[in-house]
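Indexing begins at 1, ligand by ligand and atom by atom, following the structure's order. Keep in mind that the numbers below use all heavy atoms, side chains included, and drop hydrogens, waters and symmetry copies.
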Amino acid sequence: MYCIRNVTPDLLWVGGDDRRLAMFEGVYSVPDGVSYNSYLLLDEKTVLFDTVDHAVEKVFLENVEHGLGKRSLDYLVIHHMEPDHSATMKAILAIYPDVTVVCNKKIQGMINQFFGENVVKNYHLVGEGDTLETGKHKLTFLMAPMVHWPEVMVSYDLTDKILFSADAFGTFGALNGALFADEVDFFGDYLGEARRYYTNIVGKYGTQVQALLKKAATVEIEMICPLHGFVWRRNIGDYIERYRQWSSYEPEVTGVMIAYASVYGNTENAANILACKLRDRGIKTKMFDVSVTASSEIVAAAFEYSHLIFASTTYNAGIFISMDELLRDIASHNLQNRTVAFIENGSWAATSGKLMREIIGGLKNMNIIESTVSIKSSLKESQLAEIDALADAIAETIPMAL
Ligand code: FEO
């Protein structure tokens, strides 16, 4: 049975919610599910914007069929070929073989890669600024490479001023009946998942996201229809501002995120003592045990906070496994513009501080605090002064600290 909502009188949401997926892309937990959005425009010509993941194929096909009524599908616009949006394209082509696929050359290449050549009968290839009239509506296409794959493009409906933004402006989380961001407390309940989605999925490509924001700023946008999460029709500027911050690697919170890896609790104890001393100085703190909290959450927090402290035991003469993984994850997401400090622990030959410094030191505009607090098995009374000194060094970089 179909499950459809109207975005506008002639634009339908025909996607689906997936609440059974454990790991999105096999990496990111989605405890609140995820939506795969597809939109159907009923103009003089009918236009389907993207398809969906296999997980919601059944309801999607019923949605499209019901949405079209007795009409045929004239155009299928493909913005992005990642299979969470393109997996059911072949099913659409099988049902509507005469549909014209609207895409760019790179997308065409990927259609061939995923589905083999000749799966599409009719193509309408578009490039930057090309337009397509569908009756009352006129669409224009803007290339958005690396947001989040190289073939990505977005489209803009000049008639209703709607941006079909592909992965951009998406979020983790099923829609649960709501379609518009203003139907929920987005900034209260969903911003964390939106940040985790952005930073982990597109965080590496800040420059390319900025390029897209620049293009988007040249048109008047009344609505944003992303491929995941809610449609935006109110307070769009507030969400765009978050994207500006995230894509420019600008922290949202002045405060310290402490991530620690501790086998027997001694490194954790040092991290806790430092957190207390930072709070004594009026500095906001957030802490993570990297063996407990998934990397994707800590990556998101690293984008959120201005200051980062990594504390790790030495393990097999290196960084503790989960901390090593986290730091490489942060580095691969291209994080920049942070003040960073380290605490190392080692019962005989502590190397984790130097190795952590090497990974983070390679990132752009990192202000790395000179001295690493080095612990031998457990923090001693005599070392409290070092922790105080580290807290002071951090406080000096935070003007509002006490
Ligand atoms: Fe939602 Fe890059 O796919």
Side-chain angles (χ1 to χ4, degrees), residues 13-39 48-57 59-60 76-92 103-104 106-111 113-115 141-155 163-175 179 181 190 193-213 216 224-232 239 243 246-247 296 299-300 329 332-334:
W13 175 85
V14 291
D17 275 339
D18 184 358
R19 299 182 193 83
R20 284 199 162 184
L21 183 67
M23 301 297 262
F24 183 77
E25 291 186 1
V27 185
Y28 309 113
S29 63
V30 278
D32 301 322
V34 64
S35 77
Y36 305 108
N37 298 339
S38 169
Y39 304 93
L48 183 65
F49 295 92
D50 296 293
T51 66
V52 295
D53 190 87
H54 271 310
V56 294
E57 177 170 349
V59 72
F60 167 65
L76 169 61
V77 176
I78 297 291
H79 292 112
H80 181 19
M81 274 305 291
E82 192 164 9
D84 54 333
H85 310 296
S86 68
T88 46
M89 181 181 169
K90 216 170 160 183
I92 288 289
C103 66
N104 62 40
K106 276 196 183 130
I107 290 173
Q108 184 183 38
M110 284 198 182
I111 290 172
Q113 284 174 208
F114 276 104
F115 302 117
F141 304 95
L142 306 168
M143 303 304 114
M146 300 319 298
V147 186
H148 128 244
W149 278 15
E151 84 293 2
V152 171
M153 65 178 199
V154 300
S155 55
L163 179 68
F164 295 91
S165 62
D167 272 342
F169 303 109
T171 180
F172 289 138
L175 295 174
L179 174 62
Y190 289 86
E193 282 298 81
R195 183 187 299 107
R196 193 166 68 89
Y197 169 86
Y198 172 85
T199 54
N200 286 279
I201 305 289
V202 208
K204 180 181 174 64
Y205 305 111
T207 309
Q208 291 84 350
V209 172
Q210 292 264 309
L212 176 59
L213 291 178
I224 296 178
C225 292
L227 288 176
H228 302 285
F230 303 102
V231 169
W232 284 80
Y239 198 32
Y243 260 67
W246 295 335
S247 60
S296 69
V299 167
D329 207 4
S332 69
H333 284 87
N334 211 10

### Task
Mind running side-chain contact (heavy atoms from CB on, under 4.5 Å) on Leu212 and Val152 for me, showing each step along the way?
CA-CA 11 Å; Leu212 176 59; Val152 171; over 6 Å; no
### Message
Report whether any nitrogen, oxygen or sulfur of His85 sits less than 2.8 Å from atom 2 (Fe) of ligand 1 (N, O or S, backbone or side chain).
### Response
no
### Task
Using atom 2 (Fe) of ligand 1 as the apex, give the angle to atoms ND1 (His148) and OE1 (Glu82), rounded to 10 degrees.
90°
Relative to atom 1 (Fe) of ligand 1, which of the N, O or S atoms in [X] is the closest?
X: Asp167; result: OD1
X: His228; result: NE2
X: Asp84; result: OD2

### Message
Could you tell me if Asp167 and His85 have a donor-acceptor pair between their side chains, going purely by distance under 3.5 Å?
### Response
yes
#### Entry: Test item: side-chain donor near acceptor, Glu57 and Thr88, under 3.5 Å
no
### Query
Pick from Tyr28, Tyr198, Phe172, Phe24: which one makes a ring-ring contact (aromatic ring centres under 6.0 Å, His included) with His228?
Phe24
### Task
Might you work through the side-chain contact (heavy atoms from CB on, under 4.5 Å) test for Arg196 and Val299, ending with a clear yes or no?
CA-CA 8 Å; Arg196 193 166 68 89; Val299 167; over 6 Å; no
